[in-house]
Amino acid sequence: MRTGLTCGGRGAAFESPALSLFRDNEDGFTSVAVALALLLSLTLVFSAAAAGWVSARSSEVQRVADAAALAGENAVAAFSTVVQVVDACALSLGLTGILSYGAGIVASCVPGLGSVGAELCSTGSSVLQARRDFVSSASRGIERLEETLPLLVVANSSSCVTANSEEGLSYTGCALPFPTESQSNFSALANEVDDAGLDSLSGEMRDASLEAEELKRESDDALLRGWMADCGSSPYCLRERASTLAGLSATDNPHYSSVANWSFGAPLLRARAYYAARLLAEQPEGPSVEELTDSACRQAFYEYALDEVLHGSYMVSVDDSVHIDLPSLPRNADETRATRLYTDQVWPCTNEEAGRTLHCSLDCPGAAGSPSGTASLSELEGGGALHCEVCQMDVDDLGRVAAASTSIDNGFEYYWSLIVEAGEDYERARAELAVAEQKVQSLAERGEESFSAALDQLATTRPTLCPPGAWGCVAVVTREDGEVVPTELTRAFLSSSELPAGAAVSAAALAPDNQTEENNVLARFFDGLSSSGSLLAGAADGVMDLWGSLLVGYGSAYGSVADTGGAFLDKVDGVLGGSVGSWLKGQLKEVLHDTGLEPVDMRLRKPALVNSQDVFGQAGIEQATTVKELVSALPDASSAQDFAQALGMRLVDATGSGSFTVAEFTVPGTSLTIPLTIDLSGLGDAA
């Protein structure tokens with residue numbers, strides 16, 4: 001050690017004997033100092049490396065716990081996807097069946113589309129029956145799979161833990177699902193869609209529409225017959241006869257080129273003009289008594305006919321009902337006796353030597369006596385007046401006036417009688433058609449109610465999914481002690497040591513993956529079914545496409561059903577605007593929009609690490625105490641059953657190893673079934 005310097009010079013330093021081992025006389029380091037420094041540096045370096053290795057190896061238990069939690073929640077994610085597909089299939093099948101029925105009843109209420117309606121309703125029935133079979137098997141399959149889900153969670157996670165036991169490290173542990181028991185409610189999945197009302201209604205509507213169709217045909221036929229008799233027949237018709245026999249002008253005797261702009265009011269106005277003109281122009285055609293009698297009979301007939309047609313009517317009400325009163329004119333003596341031509345006291349009488357005598361006219365040569373008022377033809381035949389031997393006027397003479405022109409096709413009354421008959425048939429058919437159409441309308445209103453009720457059965461509730469693990473899975477993993485810290489490079493500096501035991505807790509829960517919002521799981525599912533055979537064999541065209549659209553559109557149920565269903569209804573051809581079918585189609589579209597099927601979140605769920613306290617808190621469990629109990633309960637055995645029993649859980653294997661059939665899909669209208677299976681063989685050994 002240097003103690004000082006002489007004044008004005010360096011002097012001689014005093015060195016400690018201990019320090020002389022490390023410092024030389026020239027104030028430098030000795031070889032011993034250098035060797036010792038190197039030894040200390042190497043010791044620190046390898047000590048730090050050993051500490052880093054221990055830290056890294058110790059932290060791996062947390063990584064294993066994280067992997068185990070994710071592996072356990074993966075089983076929950078797979079189960080959720082299965083339920084999502086089953087629910088989508090059940091809902092879309094129900095909607096397809098109901099929409100097929102809806103299109104069927106729309107077609108059934110349209111005359112001429114009865115067979116189309118029957119086919120669509122039959123298809124709807126087949127689809128709904130396929131849904132019943134599907135949900136029956138799916139309900140059992142999902143319940144069994146959910147009952148097995150805790151086992152799958154434990155098995156999958158413990159298998160993951162075992163797989164990470166390597167390179168001298170041995171891990172023990174598994175993940176536990178929370179809730180540990182199911183809180184799901186799948187009763188809505190099996191909600192029955194009652195199509196009995198729709199099925200019976202479709203038959204009633206077909207019968208009613210067929211009746212309406214037949215009555216419409218009858219009314220159209222009667223209308224056509226009336227037009228033909230008035231304007232359409234050749235060479236003669238009522239218009240032509242009125243022009244030829246009475247010389248009517250085009251104003252009083254218009255022509256209608258087609259039945260479309262013609263009605264039974266046209267011949268009624270024509271007949272009024274005709275009989276007025278004939279009455280005005282009537283006079284005997286010769287000087288003989290026979291001509292005088294014939295003229296008197298014609299005048300009486302024209303007066304009667306004009307009065308009758310003036311009292312006739314044709315009216316169309318605001319409700320399209322038709323009221324027709326076209327008078328039938330007598331065609332012979334017997335029919336004349338049934339009219340007031342027989343009872344009206346219009347025939348002049350005179351007092352002759354033989355007594356009171358009836359004449360055709362006072363111009364009759366036989367009317368020589370004093371006038372004696374008038375009498376009717378019924379009085380003549382009853383003995384109240386005598387028969388004139390000169391004019392021989394009687395009911396037979398009057399009956400012959402219309403007999404000839406009614407019985408041959410060149411007479412005015414011939415075509416008038418055809419028009420009267422057609423008018424009666426038309427009025428009857430239109431009245432019955434109105435009743436039939438009202439019946440169809442009432443059935444259509446019932447159809448709307450039944451359609452809405454059936455749709456409500458699907459839309460009222462949806463399945464509630466809360467299986468074991470819905471809140472998350474908590475993994476507890478322990479690491480056994482005994483692994484020796486590597487000493488290949490450090491044995492010269494450090495003594496050997498073992499890695500101590502350790503434990504870690506991790507938790508995972510399902511989180512929606514936004515990148516899978518437009519996932520095609522359901523599209524692949526539908527393609528898989530389609531490739532398995534001909535679906536909806538024998539069904540109406542477009543029904544399978546409808547189901548595919550509804551199935552793939554399950555994620556946006558509200559918009560998909562309203563738009564897709566409306567487009568399907570629009571494909572029913574022959575539904576004219578203003579018809580009952582058009583009204584019903586519009587009502588069913590409104591029902592689809594008003595039903596309010598909520599969109600379904602179709603994003604796939606994937607496990608994500610979360611704070612274990614979040615899972616414990618949702619389960620109402622205190623985290624610290626529970627973790628200690630879980631760590632202490634982990635057994636030496638590595639099977640899932642042993643882990644579960646040690647942690648107080650009861651695991652059930654309701655599916656067995658290998659492939660498990662969740663449900664069976666029956667192809668509508670056939671006996672072909674397609675099993676929907678999942679592969680559980682990868683979990684068999686771990687369980």
Side-chain angles (χ1 to χ4, degrees), residues 69 72-94 131-132 134-157 175-193 457-474 507-512 521-522 525 554-555 557 597-608 610 614-621 644 648-656 660-664 676-678 680 683:
E73 196 66 10
N74 259 327
V76 183
F79 175 78
S80 299
T81 301
V82 170
V83 174
Q84 196 173 56
V85 170
V86 168
D87 180 49
C89 190
L91 176 62
S92 59
L93 279 174
R131 179 188 181 275
R132 293 187 191 97
F134 176 77
V135 298
S136 177
S137 62
S139 296
R140 295 191 300 269
I142 288 177
E143 288 177 359
R144 292 172 58 193
L145 186 59
E146 189 178 43
E147 191 177 3
T148 310
L149 185 57
L151 172 63
L152 299 179
V153 170
V154 174
N156 211 31
S157 59
L176 302 180
F178 291 94
T180 57
E181 296 181 354
S182 170
Q183 297 186 21
S184 301
N185 184 0
F186 299 125
S187 59
L189 183 65
N191 278 352
E192 183 66 22
V193 180
Q457 291 175 349
L458 289 176
T460 301
T461 56
R462 303 298 323 135
T464 302
L465 179 63
C466 187
W471 302 337
C473 287
V474 176
L510 295 182
V521 171
L522 295 177
F525 170 73
Y554 168 84
L597 286 172
E598 294 297 331
V600 179
D601 188 353
M602 280 300 297
R603 292 174 296 176
L604 293 180
R605 268 57 178 172
K606 65 178 183 179
V610 297
D614 294 338
V615 179
F616 284 127
Q618 194 166 4
I621 299 173
M649 289 183 59
R650 176 177 173 272
L651 302 185
V652 176
D653 185 0
T655 61
F660 171 66
T661 299
V662 178
E664 289 186 344
L676 309 180
T677 62
I678 57 176
L680 302 176
L683 302 176

Quiz prompt | From CG (L149) to OG1 (T180), nearest 0.5 Å | solution = 11.5 Å
Quiz prompt | Closest non-hydrogen atom pair, V76 against A470 | solution = CG1-N, 4.3 Å
Practice problem: Indicate yes or no for a side-chain donor-acceptor contact from R131 to the backbone of L93 under 3.5 Å, with no hydrogens or angles considered. | Solution: no
Quiz item: Judged by atom type as modelled, is there a donor-acceptor pair below 3.5 Å linking the side chain of E73 to the main-chain atoms of A509?
Solution: no
Quiz item: Are S182 and P467 side-chain neighbours, meaning at least one heavy-atom pair lies under 4.5 Å?
Solution: no
Quiz item: Are side-chain N/O atoms of R132 and S136 paired as donor and acceptor at under 3.5 Å?
Solution: no
Self-check item: Shortest non-hydrogen separation from G72 to A175 and the atoms involved
Solution: CA-CB, 4.4 Å
Practice problem: State the CG-CG distance between L151 and N156, to the nearest 0.5 angstrom. | Solution: 10.5 Å
Quiz item: Considering only heavy atoms from C-beta outward, does the side chain of P179 approach that of P468 to under 4.5 Å?
Solution: no
Quiz prompt | Atom pair OG (S80) and CG (L510), whose distance is rounded to the nearest 0.5 Å | solution = 5.5 Å
Quiz item: For the side chain of S184 and the backbone of F186, is there at least one donor-acceptor N/O pair under 3.5 Å apart?
Solution: no
Practice problem: Begin with the C-alpha distance, continue with both residues' side-chain angles, and end with the deciding distance and a verdict on side chain to side chain contact (heavy atoms under 4.5 Å, CB included) for W471 and Q183. | Solution: CA-CA 11 Å; W471 302 337; Q183 297 186 21; 3.5 Å; yes
Quiz item: If you measure from CZ on F79 to CD on E146, what distance do you get to the nearest 0.5 Å?
Solution: 4.0 Å
Practice problem: Please assess L152 against L145 for the test side chain to side chain contact (heavy atoms under 4.5 Å, CB included), listing each intermediate value before the final yes or no. | Solution: CA-CA 9 Å; L152 299 179; L145 186 59; 4.2 Å; yes
Self-check item: Within-4.5 Å side-chain heavy-atom neighbours: L176 and V153
Solution: no
Exercise. Supply the atom-to-atom distance S139 OG to F134 CZ, rounded to the nearest 0.5 angstrom.
Key: 9.0 Å
